[in-house]
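First comes the structure, then the notes that go with it.
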Amino acid sequence: MSTAQTAFLKGHGTENDFVILPDHDGLMELSPAAVARLCDRRAGIGADGVLRVVRSAAHPEARAMADEAEWFMDYRNSDGSIAEMCGNGVRVFARYLQRAGLVQEGDVAVATRAGVRRVHIAKAGPDGTPGAVTVAMGRAALPEGDVTVTVGPRSWPARNVNMGNPHAVLFVDDLADAGNLYDAPEVAPAAAYPDGTNVEFVADRGPRHVAMRVHERGSGETRSCGTGACAVMVATARRDGLDPAVVGHPVTYTVDVPGGRLVIGELPDGTVEMTGPAVIVAEGRFDTAWLTAS
């Protein structure tokens, strides 16, 4: 066995889990096959995705953001594909920076492929419980055009919402209607999502309170999706006739996911904010040669 070892951590945000790879100087070669191997739940460490931690100045995709955000979240889906953004991932990424002593409680800027995201790490509780993490997720875009999602013999109209990555949001009476979300639901027209999409099934739970299940592009069904919860909040608010830019005050919804609960607010300027937990559960090392073995 090779003596070369690579450090990693494991974390989750409402059970959307990630392998965290500290690579501050951007020296690691991370192929799609290597990401898939890390995320394999039987033969690897197991995760919905990989968060590579790189200084923005050391990554060609983030160099232009280095003056605003020292750290770049290089996010990969569990199949190895590159994603623009991951809301739960940003919270876990910020928690790693805090744990590593690279940032303190308070405000932090994180560079992503969808732009710089502003993060606030709340103070720990009296018992030492880590504080919640709030992410300013940017503004939602609502592309025009009809979208339809189909599962088996049933179809539903969906709302096209972009949170830096694409989403199709639809409302159902029962979340079981989503069926097996490890398989991607059919979304039409394909031209609405040329690079594929995340799909969120939403059911009402009470006033300004919904629950969702999600198929994440490149990962299958996950226990939570931060950008998806934001897309759900915006789509639900518009369905309910609530637009903060029109009513003149913030609008907040509680969004339950299989892995927990998120609180999503939209401000009058259009900024969407997500608040939820972020937990580091383990750290260790793996054999570097294993990751690249054919």
Side-chain angles (χ1 to χ4, degrees), residues 1-63 65-66 69-83 85-105 108-113 119 121 124 128 130 133 216 218-220 222-224 226 259 277-294:
M1 180 177 290
S2 168
T3 58
Q5 301 284 302
T6 298
F8 77 95
L9 298 90
K10 181 75 183 288
H12 76 92
T14 51
E15 298 183 9
N16 193 188
D17 61 336
F18 309 94
V19 173
I20 305 160
L21 297 178
D23 183 26
H24 298 177
D25 296 321
L27 303 177
M28 182 180 295
E29 296 278 344
L30 193 59
S31 69
V35 171
R37 180 166 289 189
L38 284 168
C39 293
D40 190 305
R41 295 194 180 277
R42 291 180 174 83
I45 296 169
D48 293 324
V50 168
L51 306 174
R52 187 166 70 116
V53 184
V54 189
R55 282 192 173 85
S56 297
H59 197 288
E61 292 182 76
R63 210 161 279 141
M65 296 180 276
E70 182 179 2
W71 298 101
F72 173 61
M73 183 181 77
D74 177 14
Y75 177 63
R76 315 294 181 94
N77 295 312
S78 62
D79 67 353
S81 60
I82 291 173
M85 177 58 184
C86 176
N88 288 317
V90 173
R91 296 201 319 279
V92 173
F93 187 93
R95 183 70 78 208
Y96 161 77
L97 295 178
Q98 180 190 26
R99 179 188 178 100
L102 301 171
V103 303
Q104 304 300 317
E105 294 172 344
V108 180
V110 175
T112 76
R113 291 186 174 86
V119 180
I121 304 172
V133 180
E216 285 200 63
S219 296
T222 59
R223 299 283 292 171
S224 180
V279 183
I280 305 297
V281 299
E283 59 181 310
R285 295 180 177 273
F286 60 79
D287 180 29
T288 304
W290 161 77
L291 189 62
T292 57
S294 58

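Residues take their numbers from the sequence shown, with the count starting at 1. Just so you know, these numbers use all the heavy atoms, side chains as well, and skip hydrogens, waters and symmetry mates. Because the structure is predicted, anything quoted here is derived from the model rather than measured.
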Inset, instruction - Verify side-chain contact (heavy atoms from CB on, under 4.5 Å) between H24 and L102, making sure each step is shown before the conclusion. - result: CA-CA 11 Å; H24 298 177; L102 301 171; 3.8 Å; yes
_Before you tell me yes or no, could you show the steps for R95 and V279 under side-chain contact (heavy atoms from CB on, under 4.5 Å), namely the whole-Å CA-CA distance, both residues' side-chain angles and the distance that decides it to 0.1 Å?_
CA-CA 7 Å; R95 183 70 78 208; V279 183; over 6 Å; no
Evaluate salt bridge (Lys or Arg N to Asp or Glu O under 4.0 Å) for E61 paired with R113, printing each intermediate quantity in order. CA-CA 7 Å; E61 292 182 76; R113 291 186 174 86; 2.9 Å; yes
Using the side-chain contact (heavy atoms from CB on, under 4.5 Å) rule, take V19 and L51 through it: C-alpha gap first, then chi angles, then the decisive distance, then the call. CA-CA 6 Å; V19 173; L51 306 174; over 6 Å; no
Step-by-step side-chain contact (heavy atoms from CB on, under 4.5 Å) determination, I82 to Y75: CA-CA 6 Å; I82 291 173; Y75 177 63; over 6 Å; no
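Of all the heavy atoms in A69 and A109, the pair that sits closest is CB-O, 3.6 Å. Closest approach of A66 to S56, counting heavy atoms only: CA-CB, 3.8 Å.
With rounding to the nearest 0.5 angstrom, the CG atom of L291 is 7.0 Å from the OG atom of S31. Once rounded to the nearest 0.5 Å, the distance linking CE of M65 with CH2 of W71 reads 14.5 Å. The distance from the OG1 atom of T112 to the CG atom of D74 is 11.0 Å, given to the nearest 0.5 Å. Between the CG atom of L30 and the CG atom of L38 there is a distance of 7.0 Å, given to the nearest 0.5 Å. Interatomic distance, SG of C39 versus CZ of F18, reported as 9.5 Å (0.5 Å rounding). Taking SG from C86 and CD from E216, the interatomic distance works out to 6.0 Å, rounded to the nearest 0.5 Å.
Counting heavy atoms from C-beta on, the side chains of V281 and H12 come closer than 4.5 Å. Side-chain contact between V119 and R91 is absent, with no heavy atoms from C-beta onward closer than 4.5 Å. Here the side chains of L97 and E70 are not in contact, with every heavy-atom distance at 4.5 Å or above. With contacts defined as side-chain heavy-atom distances shorter than 4.5 Å, the pair M85/V90 qualifies. Inter-residue side-chain proximity for V92 and I280 is flagged as met; some heavy-atom pair is nearer than 4.5 Å.
In summary, the side chains of S224 and E15 do not present any donor paired with an acceptor at a separation below 3.5 Å, with no hydrogens or angles considered. Side-chain polar atoms of T14 and N16 form no donor-acceptor pair below 3.5 angstrom.
Ring geometry for F286 against F8 counts as tilted: the plane angle lies between 30° and 60°, on a 0 to 90° scale. Using cut-offs of 30° and 60° for the angle between ring planes, the H59 and F72 rings count as tilted.
A donor-acceptor pair under 3.5 Å links the side-chain atoms of D79 to the main chain of S81, judged by distance alone. Remark: the backbone N or O of M28 is paired with a side-chain donor or acceptor of D23 at under 3.5 angstrom. A donor-acceptor pair is defined here as one N or O able to donate and one able to accept, closer than 3.5 Å; no such pair exists between the side chain of K10 and the backbone of A47. Judged purely by atom type and a 3.5 angstrom limit, D40 uses its side chain to pair as donor or acceptor with the backbone of A43.
Each of R76, R223, R41 was checked for a salt bridge (Lys or Arg N to Asp or Glu O under 4.0 Å) with D48, and the lone residue meeting it is R41.
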